[in-house]
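The next block holds one structure in the form of structure tokens; read it before the comments.
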Amino acid sequence: MAIVDDDQAVLDATSEFLESLGYSAVAFSSGEDFLSFSGQAAISHLLTDVNMPGMSGLELQDIVRQRYPNMTVIMMTALRDEVVRRRALAGGAKELLRKPIIADDLIRCLEDAAT
């Protein structure tokens with residue numbers, strides 16, 4: 001599983017939480033960093049922030065959907081914008097979680113993606 005977020009505290013906490021659940025988590029501070037990662041084809045789940053400097057999570061999702069259509073994308077944001085939500089889901093995101101992320105919501109998304 002890959003996590004992409006420009007907020008280091010969120011990145012660290014989310015990675016540690018997912019690893020405590022038994023997931024192998026690889027953290028990236030930007031969409032560009034994720035796209036330059038040589039092992040991205042082996043990633044089955046991508047959790048990405050929407051708002052980041054440089055490439056946004058929505059732009060990252062568009063690229064990932066083209067390259068790896070079977071990769072599950074879960075997005076997260078602190079924004080309360082219905083347009084962003086619709087765009088994320090229309091672009092193929094499994095879910096758009098609100099920050100701060102509630103652990104049960106993330107677990108549910110991951111369980112749903114596994115079925």
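Of all heavy-atom pairs between V83 and D81, the closest is N-OD1, 2.8 Å.
Pairs engaging residues 5-29 under the ring pair (Phe, Tyr, Trp, His ring centres under 6.0 Å) rule: F28-F34, F28-F37 [sequence neighbours left out]. Applying the side-chain hydrogen bond (donor to acceptor under 3.5 Å, both in side chains) test to every pair with at least one member in residues 88-100, sequence neighbours left out, gives these pairs: D5-K99, D49-K99, R85-E95. For residues 30-42, the set of pairs meeting the salt bridge (charged side-chain N to carboxylate O under 4.0 Å, His left out) definition, not counting sequence neighbours, is empty. Residue pairs meeting the side-chain hydrogen bond (donor to acceptor under 3.5 Å, both in side chains) criterion with at least one partner in residues 8-19, sequence neighbours excluded, are Q8-D12.
Two residues are said to be in side-chain contact when any heavy atoms from C-beta on lie closer than 4.5 Å; L47 and L106 meet this criterion. In this structure the side chain of V84 never reaches within 4.5 angstrom of the side chain of N51, judged on heavy atoms. Counting heavy atoms from C-beta outward, V10 and I101 have side chains that stay 4.5 Å or more apart. Looking at T48 and Q61, their side chains never come closer than 4.5 Å, going by heavy atoms from C-beta outward.
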### Message
Between L46 and L60, is the side-chain contact (heavy atoms from CB on, under 4.5 Å) condition met? List the steps.
### Response
CA-CA 10 Å; L46 171 65; L60 175 59; 4.1 Å; yes

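One hydrophobic cluster, built from ILVMFWY side chains closer than 4.5 Å, holds both L18 and I74. Cluster annotation: M1 and L21 are assigned to the same hydrophobic cluster (Ile/Leu/Val/Met/Phe/Trp/Tyr, side-chain heavy-atom contacts under 4.5 Å, transitive). The hydrophobic cluster containing V64 also contains M52, counting ILVMFWY residues as joined when their side-chain heavy atoms lie under 4.5 angstrom apart, directly or transitively. Grouping the Ile, Leu, Val, Met, Phe, Trp and Tyr side chains by contacts below 4.5 angstrom, directly or via other members, places M71 with V4.
The side chain to side chain contact (heavy atoms under 4.5 Å, CB included) check on I63 picks up L35, M55, R67, with sequence neighbours excluded. The salt bridge (Lys or Arg N to Asp or Glu O under 4.0 Å) search around D112 returns R108, not counting sequence neighbours. With sequence neighbours left out, S56 forms a side chain to side chain contact (heavy atoms under 4.5 Å, CB included) with L58, E59. Residues meeting the salt bridge (Lys or Arg N to Asp or Glu O under 4.0 Å) test with D62, sequence neighbours left out: R87.
Atom CG of L79 has more than 12 heavy atoms from other residues, nucleotides or ligands within 6.0 Å.
Interatomic distance, CG of L96 versus CE of M75, reported as 7.0 Å (0.5 Å rounding).
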